[in-house]
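Side chains are part of it too, since the values below use all heavy atoms of this structure and drop only hydrogens, waters and symmetry mates. Just so it is clear, the structure is predicted and the values come from calculations on it, not from any experiment. In this chain, numbering begins with 1 at the start of the sequence shown.
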Amino acid sequence: MNWMGFLIFLLIWLVVFIIIEIIIIKVREKKIYEEYNYLDRQFEESKECILETIGILDRYNNAEADSLSRSYIDIKKSVVSSKSLSDLFLMIDRISLSRKGNTKVFKNEDYVEIRDLLISYKDRISNSLDRYNIYVGNFNRKVFSLPTYLVAFCLRILPYSELIIDKE
């Protein structure tokens, strides 16, 4: 009778353990999804600002507008990825550092406002990217820890990839 009680206790403990591990995995996975969605929204909004910036520069026949237009085509239909974020950061840097051509454009209040907005988008995206990578790292460590690995393997839960870009 003692063995039967012990086996029932182990079975109950195993079921509770699996449920707790699944909850932990799902909570961490939800954080990853939420941060990715936030990152995606910031990415899309910043692309719209870049398009507005190109329009303003184009009105002044600024040579940078053509160059930015060609770069914009590369990220126009892209989704959040390491490459698209790197390209976006490069475009924002070009816009924020550009001082060539017609000086009237750089005195235009709309241009200055959008440029400042783009810089704030870059900061938000950078912070969100850092949080996303932290969440992914925490999730992957949890999934590959020994007891959780068995549950993850049985449920075919795969690790996520971090988004790595050169922010410099």
Inspect the contact between [Y] and [X] and indicate whether a charged nitrogen and a carboxylate oxygen are less than 4.0 angstrom apart.
| X | Y | value |
| --- | --- | --- |
| K26 | E29 | yes |
| D74 | K83 | no |
| R70 | D66 | no |
| R41 | E45 | no |

Distance-only, no hydrogens or angles: does the [X] side chain make a donor-acceptor pair with backbone N or O of [Y] under 3.5 Å?
| X | Y | result |
| --- | --- | --- |
| K47 | I75 | yes |
| S126 | K122 | no |
| R28 | N138 | yes |

Without hydrogens or angle criteria, can the side chains of [X] and [Y] be said to hold a donor-acceptor pair below 3.5 Å?
| X | Y | answer |
| --- | --- | --- |
| Y33 | Y160 | yes |
| R124 | N127 | no |
| S128 | Q42 | no |

Connected via hydrophobic side-chain network under 4.5 Å: [X] and [Y]:
| X | Y | result |
| --- | --- | --- |
| Y121 | L163 | no |
| L14 | L7 | no |
| V80 | I125 | yes |
| L51 | F89 | yes |
| Y36 | L129 | yes |

| task | Kindly give the heavy-atom pair with the smallest separation between A65 and D58, and that separation in Å. | result |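 Closest approach of A65 to D58: CB-N, 3.7 Å.
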| For T148, which of I20, I25, I24 qualifies under side-chain contact (heavy atoms from CB on, under 4.5 Å)? |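 Of the listed residues I20, I25, I24, the side-chain contact (heavy atoms from CB on, under 4.5 Å) partner of T148 is I25.
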| Given side chains that start at C-beta, do those of S84 and V79 come closer than 4.5 Å, heavy atoms only? |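 Of all side-chain heavy-atom pairs linking V79 with S84, none is under 4.5 Å.
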| message | Contact between I50 and I95 at the side-chain level, heavy atoms closer than 4.5 Å - yes or no? | response |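 With C-beta onward as the side chain, the pair touches.
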| query | With a cutoff of under 4.5 Å between side-chain heavy atoms, which Ile, Leu, Val, Met, Phe, Trp and Tyr residues group with I23? | reply |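 For the cluster that includes I23, the remaining residues are V15, I19, V27.
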First locate atom [atom1] of [X], then atom [atom2] of [Y], and finally report the distance between them rounded to the nearest 0.5 Å.
| X | Y | atom1 | atom2 | result |
| --- | --- | --- | --- | --- |
| Y135 | I32 | OH | CD1 | 10.0 Å |
| L57 | T53 | CG | OG1 | 6.5 Å |
| K76 | S71 | NZ | OG | 14.0 Å |
| D87 | S78 | CG | OG | 7.5 Å |
| R94 | M91 | CZ | CE | 6.5 Å |
| N108 | I114 | CG | CD1 | 8.5 Å |

| task | Could you walk me through whether E34 and K30 pass the salt bridge (charged side-chain N to carboxylate O under 4.0 Å, His left out) test, one step at a time? | result | CA-CA 6 Å; E34 288 172 351; K30 183 180 177 195; 3.7 Å; yes
| Over-ring placement of K31 relative to F139, 6.0 Å and 45° cut-offs |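 No.
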| query | Does the separation of the ring centres of F17 and W13 fall below 6.0 angstrom? | reply |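 Yes, the ring centres sit under 6.0 Å apart.
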